[in-house]
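Just so it is clear, the values below take in all heavy atoms, side chains as well, and ignore hydrogens, waters and symmetry mates.
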Amino acid sequence: MKRAVILPPATLALLGGGQLGRFFVQAAHELGYRVIVLDPDPDAPAGKIADGHIVADYDNQDALDQLTQQCAAATTEFENVPAAVLEQLALTMPVSPAADAVSIAQDRIREKAFLKDHGFSTAPFIAVANEADLDHASDDLFPAILKTARLGYDGKGQARVATIGEAKVAQRKFNIPCVLEKMMPLDLEVSVVLSRSAEGQCRCFPLAENSHRNGILDISIVPARTTLALQQQAEKMASALADKLDYVGVLTVEFFISDGQLLINEIAPRPHNSGHYTIDACITSQYEQQLRTLCGLPLGATQLHHHAVMVNLLGDLWFPVDFHNNIEPNWPLLNKIPNLKLHLYGKMSARRGRKMGHFTIIDHDIDSALKTALHARNIIGICDASESEIK
Ligand SMILES: Nc1ncnc2c1ncn2[C@@H]1O[C@H](COP(=O)(O)OP(=O)(O)O)[C@@H](O)[C@H]1O
Ligand SMILES: [Mg+2]
């Protein structure tokens, strides 16, 4: 279906005001649009730079009425916005991503079932509505990982379990529906960010290779150091999945490569932390692409113009071991590196594990980009790479 073209200086609604939203606002401003953010947090990073910030819950009717009156289209940066809210806004304006796709991505049980029903490979799993469901878990699933069906992120809402007994203890603690998934041996984790237009045109960004620390993304290396065949296969799977979801907007597909096979881990109906590199290393960023699909503009080119290594900066950096109070990291050390692009999100308070910013090293050579990134990480005070899960 062709979508009406929305041109500047139209005002767009953004549900969610985190850093992904802040980058969306920047991309929208670049192209002459205005943005009103809806987020209950008065300090939301996107709200600080938007043209308006409605501080209210996502389902607040007054807030939704204001968006309906003032905005030409709506998007989201946060997958836990109630799907009913997206449905309501869609009665009067284009909304992408659509409520249906978001409601699948919000719930790991629905997400895994969708993947299985459409023939996409995943790690073996079972849905666990309650403790009794674990009685049917086969021994082959263990060691396993129990994940809450809803609201998990950055490794939260997950427990690693070796036996049915341990899974039961974890399930009792979570006390909400979960999925139990076999722990897979991982050769590599990779992700594809793609955009799909209302007319069904799909364009992928280059494959990112991701390493995590404590369940949180640490480093993304682009292009991923894997075979061309696997890169192409990942793009094909991600595009096929977007088609099956009849998806419009930016979609991220996280993969495991296990014994040389691609398995889909999870999907995110939005731009992604592992796609931050597109801001500095691609012709079009994932955020501009989100804007383009939302406003019915042609998709931008997604090629890398440089190789890139992205490093997340977590709140832990504000709490060096020998200090009792939090202190601002020594940014001038990073500013000295000429091919390092620093992005700080303007969050008011640092907490351990909280994403406060990132930097991207831009280079013509991936090995030299990685070397510089590890050096930069070291001097700013992030532990030595050997402590990370990077291989
Ligand atoms: N089945 C699994 N086998 C091996 N590692 C896993 C498995 N599931 C999750 N992990 C590890 O935990 C990380 C976070 O899990 P994920 O399901 O992506 O949740 P989140 O929503 O927190 O990103 C993954 O990126 C991966 O490193
Ligand atoms: Mg994940």
Using only atom types and a distance under 3.5 Å, with no angle test, would you say the side chain of R196 pairs donor to acceptor with the backbone of S239? no

Do side-chain atoms of E77 reach the backbone of G21 as a donor and acceptor pair under 3.5 angstrom? yes

Taking atom types as modelled, find out whether Q69 and D65 have a side-chain donor-acceptor pair closer than 3.5 angstrom. no

Are the side chain of D57 and the backbone N or O of D59 linked by a donor-acceptor pair below 3.5 Å? no

Taking all heavy atoms of A373 and all of F359, pick out the closest pair and write down the distance. O-CZ, 3.9 Å

Shortest non-hydrogen separation from R110 to S103 and the atoms involved: NH1-OG, 3.2 Å

Would you check if T75 and L291 make a side-chain contact, meaning some heavy-atom pair closer than 4.5 Å? no

Decide if atom CZ of R354 counts as having more than 12 heavy atoms of other residues, nucleotides or ligands within a radius under 6.0 Å. yes

Return yes when atom CG of D139 has more than 12 non-hydrogen atoms of other residues, nucleotides or ligands closer than 6.0 Å, and no otherwise. no

Flag yes if L141 and F125 sit in one hydrophobic cluster, no otherwise; membership is Ile, Leu, Val, Met, Phe, Trp, Tyr, and two members link when side-chain heavy atoms are under 4.5 Å apart. no

Taking C-beta and beyond as the side chain, do K48 and R22 meet within less than 4.5 Å on heavy atoms? yes

Between H136 and I126, is there a side-chain heavy-atom distance shorter than 4.5 Å? no

Using side chain to side chain contact (heavy atoms under 4.5 Å, CB included) as the criterion, point out the one residue from V102, I104, L86 that pairs with P269. V102

Just checking K156: does its NZ atom have more than 12 heavy atoms from other residues, nucleotides or ligands closer to it than 6.0 angstrom? yes

Give me the ring orientation class for H343 and H358: parallel if the planes are under 30° apart, tilted from 30 to 60°, perpendicular past 60°. parallel

F114: partners by ring-ring contact (aromatic ring centres under 6.0 Å, His included), with sequence neighbours left out: H118

Atom NZ of K244 with >12 non-hydrogen neighbours under 6.0 angstrom: no

If you define the side chain from C-beta out and look only at heavy atoms, does anything of F23 sit under 4.5 Å from S285? no

Rounding to 0.5 Å, atoms CD1 (I267) and OG (S191) come to a distance of 13.5 Å

Would you say L180 and F256 are hydrophobically clustered, going by side-chain heavy atoms of ILVMFWY under 4.5 Å? no

Would you say that P124 contacts M184 through its side chain, given a criterion of any heavy-atom pair below 4.5 Å between the two side chains? yes

Taking the side chain as every heavy atom from C-beta outward, state whether L317 and M356 have any pair of such atoms under 4.5 Å apart. no

Quick one: does any side-chain atom of T360 pair with a main-chain N or O of M310 as donor and acceptor, under 3.5 Å? no

Going through the checks in order, is the ring pair (Phe, Tyr, Trp, His ring centres under 6.0 Å) test met by H364 and H306? CA-CA 5 Å; H364 289 291; H306 280 81; 4.4 Å; yes

Under 3.5 Å donor-acceptor, E254 side chain and N265 backbone: no

Taken to the nearest 0.5 Å, the spacing of D43 CG from K347 NZ works out to 11.5 Å

Looking only at heavy atoms, which two atoms of G16 and V37 are closest? And how far apart? O-CG1, 4.0 Å

Might you confirm whether atom NZ of K341 has over 12 heavy atoms from other residues, nucleotides or ligands at distances under 6.0 Å? no

Is there a donor-acceptor pair under 3.5 Å between the side chain of Q19 and the backbone N or O of G357? no

With side-chain contact (heavy atoms from CB on, under 4.5 Å) as the criterion, how do L262 and M237 come out once you've worked through the C-alpha distance, each side chain's angles and the decisive distance to 0.1 Å? CA-CA 9 Å; L262 276 167; M237 280 169 80; 4.0 Å; yes

For Q289 against T284, the heavy-atom pair lying closest together: OE1-CG2, 3.6 Å

Quick check: does any side chain N or O of Q286 sit under 3.5 Å from a backbone N or O of H272, one acting as donor and the other as acceptor? yes

Go through the steps for L194 and T302 under the test side-chain contact (heavy atoms from CB on, under 4.5 Å), then give the verdict. CA-CA 9 Å; L194 64 77; T302 51; over 6 Å; no

Minimum heavy-atom separation for A73 and I6, please, with both atom names. CB-CD1, 3.5 Å

Measure from the side-chain N and O atoms of D51 to the backbone N and O of V35, and report whether any donor-acceptor pair falls under 3.5 Å. yes

Ignoring hydrogens and angles, tell me if any N or O in the side chain of S258 forms a donor-acceptor pair with the backbone of Q261 under 3.5 Å. no

Please say whether more than 12 non-hydrogen atoms of neighbouring residues, nucleotides or ligands are located less than 6.0 Å from CD in Q201. yes

With a 3.5 Å distance limit and no angle check, can you tell me whether D187 reaches the backbone of D259 through a side-chain donor-acceptor pair? yes

L263 side chain near T122 side chain, heavy-atom distance below 4.5 Å: no

side-chain contact (heavy atoms from CB on, under 4.5 Å) between I36 and I54, intermediate numbers included: CA-CA 7 Å; I36 298 180; I54 303 172; 3.9 Å; yes

Considering non-hydrogen atoms only, spot the tightest contact between L67 and A13 and give its length. CD2-CB, 3.9 Å

Presence of salt bridge, E181 and R108, under 4.0 angstrom: no

